[in-house]
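Labels below follow one simple rule: chain letters A, B, ... track the order of the sequence lines, proteins then strands, and each chain is numbered from 1.
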Amino acid sequence: MTDTEENLTGPTALLVLGCPEVPVQQALALHIAHQFRKRGFLVHAAGNPAVLNLLKVSEPEKRYLPTMQVLEQCIGEIVEKKRDARLCIVFAHSDAGITYAATMRHLLPEARLVVIIFGKDPEPLSALADFPCEKIVEKAVHNPMQLRRRINEVFGWAA
Amino acid sequence: MGCIENLPYEMVLPLGASFKECREYVEKNFAEFWYVDPGYKLFDEYIIGLPPIALGIDGAKIVFPYTKPCHGTYLLAVDDADEAARVRKTARKKK
């Protein structure tokens, strides 16, 4: 846990991000972070260095995503019980994304797990996610609007 | 990859294999295989995946899945007698 996190309060929402090759992920991650920050959550993002750098450049004042961490380190901290989350949202546009979601299901059994399955062909991926979770499945690559609408519905946010 | 990338590994299944393909390959092609859950430590890294995760052992060689966010899952093999012995002691036989 970082010094910044110690100064923040509220329940933790963990955003697990996939490879940044599908453009909608970046916009939707910031949208979700914004919505949860407004509601008092501490939003923590985990991903590979490329996706974290994209977010850092997009959000230099860290208003929405105050803390970020490389995914492997985040998983290590959860296994070692140094990190917990009430809510975990995983972005998955590949088999790897589903693998990370399954890992989070196992490591955070008490958390609400929402898996956002997107990309060019999300239905076959959705079939792989046969573990307990809420799924938001939508074909989305460049245009985030329809998927944003689905996300807003699931979390009860006005558009 | 972290430490595992620095190990002298052999790629058993190429990049892009699905996680389930890796598990099925281990179960079909190795007489000795063990199961672990996500978060199991192997070569000083926490293994991720859809539980149960299948690890194959052939002598001192351990065969295990390794997932990278951008690519998918590799099935790798690394020779390490001590680590193989530790897997035999700490992993389970049943799914």
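Interface check for chain A: of the options B/Ile47, B/Leu50, B/Ile48, the most heavy-atom pairs under 4.5 Å are formed by B/Ile48.
Partners of B/Lys20 by salt bridge (charged side-chain N to carboxylate O under 4.0 Å, His left out), not counting sequence neighbours, listed by chain and number: A/Asp130. Residues satisfying the side-chain hydrogen bond (donor to acceptor under 3.5 Å, both in side chains) criterion with B/Thr67, sequence neighbours excluded, are B/Thr73.
Atom CZ of A/Arg150 is surrounded by more than 12 heavy atoms from other residues, nucleotides or ligands within 6.0 Å. More than 12 heavy-atom neighbours from other residues, nucleotides or ligands sit within 6.0 angstrom of CZ on B/Arg86. Counting heavy-atom neighbours within 6.0 Å of B/Lys41 NZ, excluding the residue itself, gives a total above 12. Heavy-atom contacts from other residues, nucleotides or ligands closer than 6.0 Å to NZ of A/Lys120 number 12 or fewer.
Follow the hydrophobic side-chain contacts under 4.5 Å out from A/Leu65 and you never reach A/Leu54; the two are in separate clusters. No single ILVMFWY cluster, assembled from side-chain heavy atoms under 4.5 Å apart, contains both B/Phe19 and B/Val12. B/Tyr40 and B/Val63 fall into different hydrophobic clusters, where Ile, Leu, Val, Met, Phe, Trp and Tyr residues are linked whenever their side-chain heavy atoms come under 4.5 Å apart, directly or through other members. Under the 4.5 Å side-chain heavy-atom criterion for ILVMFWY residues, a single connected hydrophobic cluster contains both B/Val87 and B/Phe43. Each of A/Tyr64 and A/Ile151 belongs to its own hydrophobic cluster when Ile, Leu, Val, Met, Phe, Trp and Tyr are linked at side-chain heavy-atom distances under 4.5 angstrom.
Within residues 99-114 of chain A, the residues having any heavy atom under 4.5 Å from a heavy atom of chain B are, by residue number, A/Thr99, A/Tyr100, A/Ala102, A/Thr103, A/His106, A/Leu107. Close approach to chain A, defined as a heavy atom under 4.5 Å from one of its heavy atoms, is seen in B/Asp37, B/Pro38, B/Gly39 of residues 24-39 of chain B, taken by number.
Annotation: the span from A/Ile98 atom CD1 to B/Ser18 atom OG amounts to 11.5 Å, rounded to 0.5 Å.
Proximity to chain A (any heavy atom under 4.5 Å) is restricted, for B/Tyr46, to the side chain, taken from C-beta onward. Heavy-atom distances place no part of A/Leu17 under 4.5 Å from chain B, backbone and side chain included.
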